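Okay, so here's the structure we're looking at.
A quick note: this is a predicted structure, and the numbers were derived from the prediction, not measured. Atoms considered below: every heavy atom in the structure, side chains included; atoms not considered: hydrogens, waters and symmetry mates.
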Amino acid sequence: MALPVSHGQPEQQEQPVAEEGPQPAAAAPGRRKAWWTRTGLAALSGLALALAFPPFDAWPLSILAVAALALLTRGRTARHGAWLGFAFGVPFFVVLLSWLRPVGWDATVGLSLIEALFLALMGAGLALTSKLRGWPLWGAVLWVTQEWMRDRLPFGGFPWGRLAFANTASPLTPLAALGGAPLVTFAVAGSGTLLAWAALAAVRARRTDTELPWRTAVGAVGAVALVLVGYAVPVPTSADDTVKVALVQGNVDRPGMDFLGRPMEVLDNHATATEKLAADVAAGRVAKPDVVIWPENASDLDPFTDPAAYARIDEAVKAVGVPTLVGALVDGPDEQHVQNEGIVWDPATGPGASYTKQHPVPFGEYVPFREELSKVISRLQRVARDFYPGDHNGVMQLGPARIGDVICFEVAYDEIVRDAVNQGGRVIVVQTNNATYNNTGQTEQQLAMSRLRAVEHGRAVLIAATSGVSAVIAPDGSVQQRTGEMEQAVLNAVVPLRDGKTVADRVGAAPEWVLAVGGVLVCAFAATGAVRRRRAERRAADGEREPQHAV
């Protein structure tokens, strides 16, 4: 839907309400009330956005929340817009990230405050660009810009809470096959800002007792059209080959921070579940798989240095008789580091190719500024050794299948999954361990991300989790099988292997960079224009105050 854009020139028909300069004393209480009313509405809108995500899954609220923030920041100063964005962001992230509560509510609130700062920057940008023609377009672009920044900063970024991740089972989802998560976010935000544009025009028409203007109709139709356009996008799903897989969820005995329990406890759970699978195959109760997949941290002991761990893994793999992807913690290059790996384990030749997690989680898997922060935050001492990052993608040959392995939170990062597919992965494997966060909603949020990745890359996604949720996801994003949480289970499935690439695979990060940089540039343009206007206003005011001299 085309928007009325005139090269970013200031909009003439609608003048924003001035917020700066001296005001009559009687007006101050009214202005304060309006300020706090907007703040409260922004906070409620942030809560609404949180409900759009799993485990609530009310995805239409993502569009309504965007529309609300666009209306609240419309015509405000950059400073007020920043405050409204922050007021929107804090409750949004506190609810969204409440799964961090096993670590501590202080961690939840602290991370939420950091992430909300990015929404404060976006709020300032929304306020500035709301004074330009085509502001619904610029507003949608700024949502992509904000997510682009959060995906990278600080410490490699934390992209949780992207609008796309609330729309992994909505009419907008197929757009991921064209432009990945950034395009889905842009469409969600564009629908919301168009809705705001239509609502604003309708309110003004009511106030002036006139007929509804064309903007109301165009905005409403445009918002609906953006939501429905995904139905016109083909999602490739045809298989070039198939593979029989078994996903082993061995479970843990106690969820939370101490899920590993005693040494070899979790490893023994996964080995035992695999041996039960082997017994079922021998008895003819299930078909023999081509490959078996264990989750992240299935072995908490390094099998290369611990003979008992090596023997237990080898025993289980020999029992099932097929190549097995084993998740294990492996000693790093020095005593201060450990590596989070997926290891291809052959029943005849033992361990072979491996993938090391490229993006360890800051403060969870490594501690930035460890020496300084550990003195202040004693809890960080529980992260005894920092995880050493890998230097290559997770494409490996696992029996007859060439897989693209990613580990846990890496599924949230576009470039890691895309690289695994573009370098030859025919099926995406997500090895994960969410035992710390069971029954908090985190597993459902990560499952939703995996569903989006399936559509984005036209690949089946196999999630192997220590304690749930493990799942088999088809290339169209539908969940074919899944386990519950905190149970020992094995999923058996025949899944497609695909070689073709989606448009999103081919264009890569280009759409995101174009939109993100566009957001930065339009903010710079709007800010420059605002400075020029303020200077002109000051000069005019100074001219009015100059004394008049008689000639």
Side-chain angles (χ1 to χ4, degrees), residues 245-278 291-333 335 337-347 349-357 360-361 364-365 383-388 390 394 396 398 403 405-410 429-436 438 462-468 470 486 488-490:
V245 300
L247 306 179
V248 175
Q249 179 174 300
N251 203 17
V252 301
D253 292 338
R254 57 185 69 80
M257 293 290 290
D258 301 309
F259 68 89
L260 286 174
R262 58 179 174 79
M264 288 199 58
E265 187 173 71
V266 176
L267 170 56
D268 190 61
N269 287 350
H270 285 82
T272 299
T274 303
E275 289 162 347
K276 290 179 180 176
L277 168 65
V291 298
V292 171
I293 298 173
W294 285 13
E296 174 191 26
N297 300 159
S299 175
D300 60 317
L301 298 174
D302 183 353
F304 301 112
T305 60
D306 190 301
Y310 185 105
R312 191 69 184 98
I313 295 171
D314 202 51
E315 181 182 26
V317 174
K318 279 183 166 62
V320 76
V322 298
T324 300
L325 184 66
V326 176
L329 295 177
V330 175
D331 291 339
E335 293 182 357
H337 289 89
V338 65
Q339 295 178 174
N340 192 349
E341 291 192 351
I343 306 166
V344 175
W345 204 291
D346 188 90
T349 60
S354 64
Y355 167 66
T356 301
K357 187 176 184 179
V361 179
E365 294 177 327
V383 185
R385 291 195 291 172
D386 290 337
F387 280 46
Y388 196 83
M396 298 181 288
L398 180 65
I403 66 170
D405 189 23
V406 298
I407 296 179
C408 202
F409 281 17
E410 289 185 327
V429 173
V430 181
Q431 292 181 286
T432 187
N433 169 30
N434 300 318
T436 300
N438 275 127
L462 307 174
I463 305 174
T466 50
S467 55
S470 300
M486 298 304 301
Q488 188 174 100
V490 175

Self-check item: Intermediate values then yes/no, side-chain contact (heavy atoms from CB on, under 4.5 Å), Phe387 and Val361
Solution: CA-CA 9 Å; Phe387 280 46; Val361 179; over 6 Å; no

Practice problem: Show your reasoning for whether side-chain contact (heavy atoms from CB on, under 4.5 Å) applies to Gln431 and Ile463. | Solution: CA-CA 6 Å; Gln431 292 181 286; Ile463 305 174; over 6 Å; no

Exercise. Quick one: do Leu267 and Trp294 satisfy side-chain contact (heavy atoms from CB on, under 4.5 Å)? Show the steps, please.
Key: CA-CA 10 Å; Leu267 170 56; Trp294 285 13; 3.8 Å; yes

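Checked against Thr272 for a side-chain contact (heavy atoms from CB on, under 4.5 Å), the options Asp268, Asn269, Thr274 give a single hit: Asp268. Each of Ile403, Val245, Leu462, Val291 was scored for a side-chain contact (heavy atoms from CB on, under 4.5 Å) with Leu325, with one residue passing: Ile403. For the side-chain contact (heavy atoms from CB on, under 4.5 Å) with Asn433, the lone residue among Asn297, Asn340, Val266 that qualifies is Asn297.
For the salt bridge (Lys or Arg N to Asp or Glu O under 4.0 Å) condition, the pairs that include at least one residue of residues 315-325, sequence neighbours left out, are Arg312-Glu315, Asp314-Lys318.
Looking at heavy atoms from C-beta onward, Val490 lies out of side-chain contact with Lys276 at the 4.5 angstrom threshold. Tyr355 places a side-chain heavy atom less than 4.5 Å from the side chain of Ile407. Side-chain contact between Thr466 and His270: present, with at least one pair of heavy atoms (C-beta onward) separated by less than 4.5 Å. Side chains of Phe304 and Val330 form a contact here, defined as non-hydrogen atoms less than 4.5 Å apart. Residues Asn251 and Met486 have side chains in contact (heavy-atom distance under 4.5 Å, counting atoms from C-beta outward).
Atom OG1 of Thr356 and atom CD of Glu341 lie 3.5 Å apart (nearest 0.5 Å). One finds the CD atom of Gln488 at 9.0 Å from the CD atom of Gln249 (value rounded to the nearest 0.5 Å). To the nearest 0.5 Å, atom CG of residue Leu398 and atom OG1 of residue Thr324 are 7.5 Å apart. Taking CG from Leu247 and OG from Ser470, the interatomic distance works out to 6.5 Å, rounded to the nearest 0.5 Å. Remark: Ile313 CD1 to Asp306 CG distance equals 9.0 Å, nearest 0.5 Å. Between atom OG1 of residue Thr432 and atom CD of residue Glu410 there is a gap of 10.5 Å, rounded to the nearest 0.5 Å.
In terms of heavy-atom proximity, Ala465 sits nearest to Pro295 at C-CB, 3.4 Å. Of all heavy-atom pairs spanning Ala328 and Pro303, the tightest one is CB-CD, 4.1 Å. Taking both residues in full, the closest heavy atoms of Gly468 and Asn438 are given as O-ND2, 3.5 Å, listed atom of the first, atom of the second, then distance. Of all non-hydrogen atoms in Val322 and Val292, the two that sit nearest each other are CG2-CG2, 3.6 Å. Nearest approach of Cys408 to Asn434, heavy atoms of both residues: SG-OD1, 3.9 Å. The shortest heavy-atom contact between Ala319 and Ala278 is O-CB, 3.4 Å.
In Tyr310, the OH atom is crowded: over 12 heavy atoms of neighbouring residues, nucleotides or ligands sit closer than 6.0 Å.
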